[in-house]
Protein chains: 2
Amino acid sequence: MPTLKEVAKYAKVSITTVSRVMNEADKVNPETRERVQRAMRELDYQPNRVAQRLRTSKGQSKLLGLIIPDIQNQFYSSIVRGVEDVAYGKDYAVILCNSDENPNKERFYLDVLQSESVDGIILPPIHQYSKVVEGLIESGVPVVCVDRKLVREAVDTVVINNVRGGYLAVKHMIDFGHRRIAILTSSSQFSSFEERLAGYKNALQDHNIEPDENLIKEGDPRSTESAYLFTKELLKLHHPPTAIFATNNLMTLGALEAVHEEKLNVPDNISIVGFDDMPWARAISPPLTVIKQPGYEMGRRATELLFQRVEDPKREPVQIIMEPTLIIRKSTGEVK
Amino acid sequence: MPTLKEVAKYAKVSITTVSRVMNEADKVNPETRERVQRAMRELDYQPNRVAQRLRTSKGQSKLLGLIIPDIQNQFYSSIVRGVEDVAYGKDYAVILCNSDENPNKERFYLDVLQSESVDGIILPPIHQYSKVVEGLIESGVPVVCVDRKLVREAVDTVVINNVRGGYLAVKHMIDFGHRRIAILTSSSQFSSFEERLAGYKNALQDHNIEPDENLIKEGDPRSTESAYLFTKELLKLHHPPTAIFATNNLMTLGALEAVHEEKLNVPDNISIVGFDDMPWARAISPPLTVIKQPGYEMGRRATELLFQRVEDPKREPVQIIMEPTLIIRKSTGEVK
DNA sequence: TGAAAAGATGAAAACGTTTTACTTTTTCAA
DNA sequence: TTGAAAAAGTAAAACGTTTTCATCTTTTCA
């Protein structure tokens, strides 16, 4: 790969001039500029981003970091795609990291990203309190939280209104006459699930339904497995639920599998509302009623926020709260 | 962030010595080493990977590039996860790029990756002939092709036996008595789809079934849309097919949606075999019969190949061909 | 006419490492 | 006691940029 030096030699100017031509900064004589540009073309010069990054202090690295729990969760791949797309629009590349909700991995990647001097980092923080992330913010690295919040309010954040998402789902089932509504959710570690559960409880309360602890299942949101097992349990109950609310797309899959295995008809025997409108949701039979959260859009917004902060580090942090929507298909119906 | 210089000062040695302690290379006096290590701990020193990369020539950057068509295609997210996992095991981070099958984007990202001096690049090449990729290989950048081949044989490659995958799927349906079997595939641009189609034809031929051009639909494999439309068409045919083979997971979804919309019963009215064993395949009703390709494993193998090449650039290129498997569930049955 | 301003360019320092080439100190055989 | 070899350490160059500062021309205009 040719370097600045070689281009300079070829164009018979100093490397300073070549650099100037590239960065448009100071004026350089049109003739010289033309000559240099031809040299760059003819040598097929590509600036070395590593050297650029080493030299320039902040906000020029054209690289950003994205840490997500697991790319195999389609909700996160939507976010990733959103991030990628706006990054590409600004000639940025993104380093993608999977944390598996493991604080050590998160820590490791955070170190790596900082050491790569990325211009900024986007992540759903694993813990609502996080010394590491807070430290990062304090040390001036632009950070945007997406999907999950930090307790500290002074961070750019893009989340959805999870309470409302939970409420919408449950209200919809109540309107169909359901009273025994189960929820598959996660342990309270993650703000998003906690909030969805709160929405569930609010909806019940508003309709004078006493929550039944037996219908609240807190499992592992990272796989279909625990939802599958819980659903099996639920269906074996003396008074089984007539409706199930699964609070993410993996858990929805687990619930679906268990329900089908028990040869239950959806929605005649049991109604189901899922979270996340994945491509398969409309393709299956019956098409699935879901709470849709705009993952792709969240990724885009988060990245825009990040770029804004890179440009103006002093800007007041903002919190963007997006609205989930209920998409009614055929997996929910009148209670029999 | 503290630098080598500061550590050196703190430990009262030269920066060379600190560097030596880190890289284990030359011997340094145990006492000094201990002192330096304590200094690094106390200052919480993290080496600057950008500076490291600029200085060291090849194979030390701890960064690799991965270009895929689209992260929202779950098959590719499996690959990505496989790559990530083995990369993480070696303290590598990965830059992820989505090409959208667009040669210009591919080109752009290839330039970026080279300019970031990544240690190597993994990708399913968009074109079987690709000057850009070939140029890269020639210039000594380790490259591994995954999922799709290059015509040039001298590249490390990890693919599955697509011909066999196609054959397996179609043979399975023929065994159930189907004669009119449709295939949803892609234009012949991509080696993988071309091969799956070849497998389809082979199977028909082996069983003395004349291929019917009306049943061969070549569309866009990047979305569910075109498969949906084609399936609608197929079902309206005077002699509609009794079975459909969809050659990737997105197309499977499109087919499924169309079939359900026409209120056809699977497998009583129509049998379906999908490609890719996605998490939803077993959760839907009826559970889907599929050809499974080990995406995660392919990602792993590709990355291992890449690391081997980084360590030994002279190693002869190898081609790993993995075997697809037929997973029989309930979406296929006797022709009525 | 000539001093100041503007315009065009270049030399060299800096970013944080690794590596080369060199110097100092220690060891130990003769 | 000497001195050659081994061990331990350092100074400085290099990687490819950007940026600061300096220099040299040319233009402007009182």
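Quick caveat, the model's predicted, so the values are computed rather than measured. Proteins get letters first, then strands, A, B, ... in listed order; numbering begins at 1 in each.
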- Residues two or more places apart in sequence or in another chain: which of them pass salt bridge (charged side-chain N to carboxylate O under 4.0 Å, His left out) with A/Glu84? none

Grab the N/O contacts between the protein and nucleotides 13-16 of chain D below 3.5 Å, and write none if there aren't any.
unit_1 : atom_1 : unit_2  : atom_2 : d
D/dA14 : N3     : B/Arg55 : NH1    : 2.7

N/O donor-acceptor pairs under 3.5 Å from side chains in residues 8-16 of chain A, not counting sequence neighbours:
unit_1  : atom_1 : unit_2  : atom_2 : d
A/Tyr10 : OH     : A/Glu42 : OE1    : 2.6
A/Ser14 : OG     : A/Thr16 : N      : 3.3
A/Ser14 : OG     : A/Thr17 : N      : 3.3
A/Ser14 : OG     : A/Thr17 : OG1    : 3.3

- When rounded to the nearest 0.5 angstrom, what is the spacing between OG in B/Ser191 and CG in B/Asp147? 7.5 Å

Please output the side-chain donor-acceptor pairs of residues 121-137 of chain A that fall under 3.5 Å, not counting sequence neighbours, one pair per line with the distance.
unit_1   : atom_1 : unit_2   : atom_2 : d
A/Ser130 : OG     : A/Val133 : N      : 3.3
A/Glu134 : OE1    : A/Arg152 : NE     : 3.3

- Item | N or O in side chain of A/Thr32 less than 4.0 angstrom from C/dT9 OP1/OP2 | yes

- Message: Going by the rule ring pair (Phe, Tyr, Trp, His ring centres under 6.0 Å), which residues pair with B/Tyr109 if we only count those two or more places apart in sequence or in a different chain?
- Response: A/Tyr88

- Any luck finding a side-chain donor-acceptor pair between A/Asn48 and B/Ser115 under 3.5 Å? no

- Query: What about B/Arg20: does its side chain form a donor-acceptor pair under 3.5 Å with the base of D/dT10?
  - Reply: yes

- Donor-acceptor pair present, B/Thr16 side chain and D/dA11 base, under 3.5 Å: yes

- Task: Toss me the dot-bracket line for DNA chain D: Watson-Crick and G-U wobble, both under 3.5 Å, 5' to 3', using | for pairs to another strand and [ ] for crossers.
- Result: ||||||||||||||||||||||||||||||

- Task: Report yes if a side-chain nitrogen or oxygen of A/Asn23 is closer than 4.0 Å to either non-bridging phosphate oxygen (OP1 or OP2) of D/dT18; otherwise report no.
- Result: yes

- Message: Quick test of your reading of the model: are B/Glu31 and B/Arg38 salt-bridged, counting only N-O distances below 4.0 Å?
- Response: no

